[in-house]
Amino acid sequence: MPKFSDRIQNLPASPIRKLVPFADAAKARGTHVYHLNIGQPDIETPPRFFEAITEADVKVLAYSHSAGIKSLRDGIADYYTRLGHPISANDVLVTTGASEALNFVLTAVLNPGDEIIVPEPFYANYISFSMGNDGVVVPVTSTIEDDFALPDIEALEAKITPRTRAILICNPGNPTGVLYPKEALEKLQAICKKHDLFLIADEVYREFAYGGHTHHSTLGLVGLEENVIVIDSISKRFSACGARIGCIVSRNQEFMGLVLKMAQARLSPPTLGQLGAAAIYDMPPSYYEGVVAEYTKRRDILTAALGEIEGVVCPQVNGAFYAMVRLPVANADDFCQWMLEEFKHEGATVMMAPGSGFYATPGQGQNEVRIAYVLQQGELAAAMKCLKAGLEAYAKTH
């Protein structure tokens, strides 16, 4: 049989999806599974998204411009301008989700063996796309005791080598729920300026900031315009994961010209998804306020319930809709699989994402899980009761 590449064989399995076969088997046995493993919002997609597609006068579903249809790029530019970051449509390239955006960016900035510094724990696909581009992820560990705040800037700078090309952050954070303050971004700004590095910011959860906290975009870092690359998406903001519409935003026109070559090679992003997305980028502030209010209630239910479970450590969560939680178990991978294979409480069990898959440093995250609080409030409360019962039962047998 012909051999496969070392690159594809060495890619890690997704911690978010690798337990799906066990969840499917549990469902087949009649067990209800509370899905806390994946960041799939259940908030309704704005109706005008679907209306725009239905009303479109399209007789042939053709390729769009490789950079994205102009009305969508204009809409995205206007959205950022309203946020206080004036850009033009030329600073926007539409992609097939934020995943393609990330892949394009890493292809553009990494040569084989080049390094990208990432605070860990981080979104697991950062490793996959870096390895797919023959790059090396250099982790800088943040800790649950510090609420996963940006690691000491000295520790981060110590990781810089002649092969370092960029620093990659997710703000607000997936999987941690951390929201970096302006001061942290300014420290990153100084390092990137000093060492001539790209600052790549995954800002897809921008609107999800709680408790009076404010999101600060890297696009606001004055003097770093040529270094900042933002990855964005409609998936979470508008609960439109299946539309597969993301974008790259950068004022560096040489960079944008280079990624356009990759966009041209893949022809175009989804045309129908773009038509829908173009209709929702001018949603009023009330839309975001309602969504944030709902997720704030869910966060409060989650953190309160976790705080009542002996041995569980939950950090402060100020953004996104995730929490990276420490459990009183030795091996969270084993516990998460056991919950699906052997446990149920009142006919249900809980599916979570084991924490080790969000780290690049061996041994880290062994007793942590990522919980996505994307369920309705009643279901989320029930899931927490189920988790508590599961931990108690697991402790008696392990």
Side-chain angles (χ1 to χ4, degrees), residues 14-17 19 33-43 119-124 141-150 169-181 202 204-213 215 236 291-329 332-333 335-336 339 349-359 364-388 390-391:
S14 168
I16 302 166
R17 299 174 184 269
L19 297 178
V33 177
Y34 293 112
H35 280 277
L36 303 178
N37 62 302
I38 190 167
Q40 170 60 65
D42 65 350
I43 306 294
E120 68 176 358
F122 50 72
Y123 178 50
T141 306
S142 61
T143 65
I144 196 169
E145 288 80 10
D146 290 332
D147 296 325
F148 296 112
L150 186 72
I169 62 171
C170 185
N171 185 36
N174 174 8
T176 61
V178 68
L179 183 65
Y180 291 144
D202 180 343
V204 305
Y205 299 95
R206 180 181 298 110
E207 272 75 20
F208 302 96
Y210 314 118
H213 290 83
H215 176 263
K236 317 299 181 176
V291 172
V292 170
E294 173 62 23
Y295 278 112
T296 299
K297 293 175 183 176
R298 297 182 186 187
R299 179 203 62 166
D300 294 345
I301 289 171
L302 177 80
T303 55
L306 291 173
E308 295 176 358
I309 304 176
E310 185 177 356
V312 170
V313 178
C314 179
Q316 183 175 353
V317 178
N318 294 326
F321 40 65
Y322 306 101
M324 197 72 171
V325 178
R326 180 179 294 164
L327 301 180
V329 300
D333 286 79
F335 173 69
C336 289
M339 285 286 288
T349 191
V350 174
M351 185 177 184
M352 298 166 290
S356 59
F358 298 94
Y359 289 85
Q364 290 286 349
Q366 293 295 317
N367 58 353
E368 295 175 358
V369 295
R370 188 192 76 168
I371 294 177
Y373 47 96
V374 292
L375 301 181
Q376 297 292 326
Q377 296 176 38
E379 280 210 323
L380 184 60
M384 290 300 98
K385 291 178 181 178
C386 186
L387 173 60
K388 181 180 180 180
L391 285 167

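Throughout, residue positions are numbered sequentially from 1 according to the sequence presented.
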Go through Arg298 and Gln377 one step at a time and tell me if the side-chain contact (heavy atoms from CB on, under 4.5 Å) criterion holds. CA-CA 6 Å; Arg298 297 182 186 187; Gln377 296 176 38; 4.1 Å; yes

Donor-acceptor pair, distance only, cut-off 3.5 Å: does the side chain of Asp147 make one with the backbone of Gln316? yes

With rounding to the nearest 0.5 angstrom, report the CD to NZ distance, Gln376 to Lys297. 11.0 Å

Restricting to side-chain hydrogen bond (donor to acceptor under 3.5 Å, both in side chains), what partner residues turn up for Tyr180, sequence neighbours left out? none

Quick one: does Glu207's side chain get under 4.5 Å of Val291's, heavy atoms only? no

List the steps, then state whether side-chain contact (heavy atoms from CB on, under 4.5 Å) holds for Glu368 with Phe358. CA-CA 10 Å; Glu368 295 175 358; Phe358 298 94; over 6 Å; no

Please report the closest heavy-atom contact between Pro328 and Gly311, naming both atoms and the distance. CD-O, 3.7 Å

For the atom pair OH (Tyr34) and OG1 (Thr349), what is the distance rounded to the nearest 0.5 Å? 10.0 Å

The reported gap from CG in Asn318 to OG1 in Thr296 (rounded to nearest 0.5 angstrom) is 10.5 Å

Can you tell me how far CD of Glu379 sits from CE of Met384, rounded to the nearest 0.5 angstrom? 11.5 Å

Would a distance-only check, ignoring hydrogens and angles, find a side-chain to backbone donor-acceptor pair under 3.5 Å from Tyr295 to Gly319? no

Among side-chain atoms of Glu120 and Thr141, is any donor-acceptor pair under 3.5 angstrom? yes

Here's a test for you: under ring pair (Phe, Tyr, Trp, His ring centres under 6.0 Å), which of Tyr205, Phe122, Tyr373, Phe148 qualifies with Tyr322? Tyr205

Ignoring hydrogens and angles, tell me if any N or O in the side chain of His215 forms a donor-acceptor pair with the backbone of Phe208 under 3.5 Å. no

Whether the side chain of Lys236 engages the backbone of Gly39 through a donor-acceptor N/O pair (distance < 3.5 Å, no angle test) should be reported. yes

Quick one: pull up CD in Glu308 and NZ in Lys385 and give me the separation to the nearest 0.5 Å. 10.5 Å

Do side-chain atoms of Arg370 reach the backbone of Asn37 as a donor and acceptor pair under 3.5 angstrom? yes

Just by distance, do the side chain of Arg299 and the backbone of Val317 share a donor-acceptor pair under 3.5 Å? yes

Quick one: are Ile169 and Asp202 in side-chain contact, heavy atoms under 4.5 Å? no

Could you check Leu327 against Val312 for side-chain contact (heavy atoms from CB on, under 4.5 Å), going step by step and ending with a plain yes or no? CA-CA 5 Å; Leu327 301 180; Val312 170; 4.1 Å; yes

Donor-acceptor under 3.5 Å (Thr176 side chain, Met324 main chain): no

What are the two closest non-hydrogen atoms of Asn171 and Val178, and how far apart are they? OD1-O, 4.2 Å

Point-to-point distance, once rounded to the nearest 0.5 Å, from CG of Asp300 to OH of Tyr210: 10.0 Å

State, to 0.1 Å, how close Asp333 and Ser356 come at their nearest heavy-atom pair, and which atoms those are. OD1-OG, 2.9 Å

Report the residues that fulfil side-chain hydrogen bond (donor to acceptor under 3.5 Å, both in side chains) with Glu145, sequence neighbours left out, ordered by chain and then residue number. Arg326

Does any non-hydrogen side-chain atom of Leu36 lie less than 4.5 Å from one of Leu380? yes

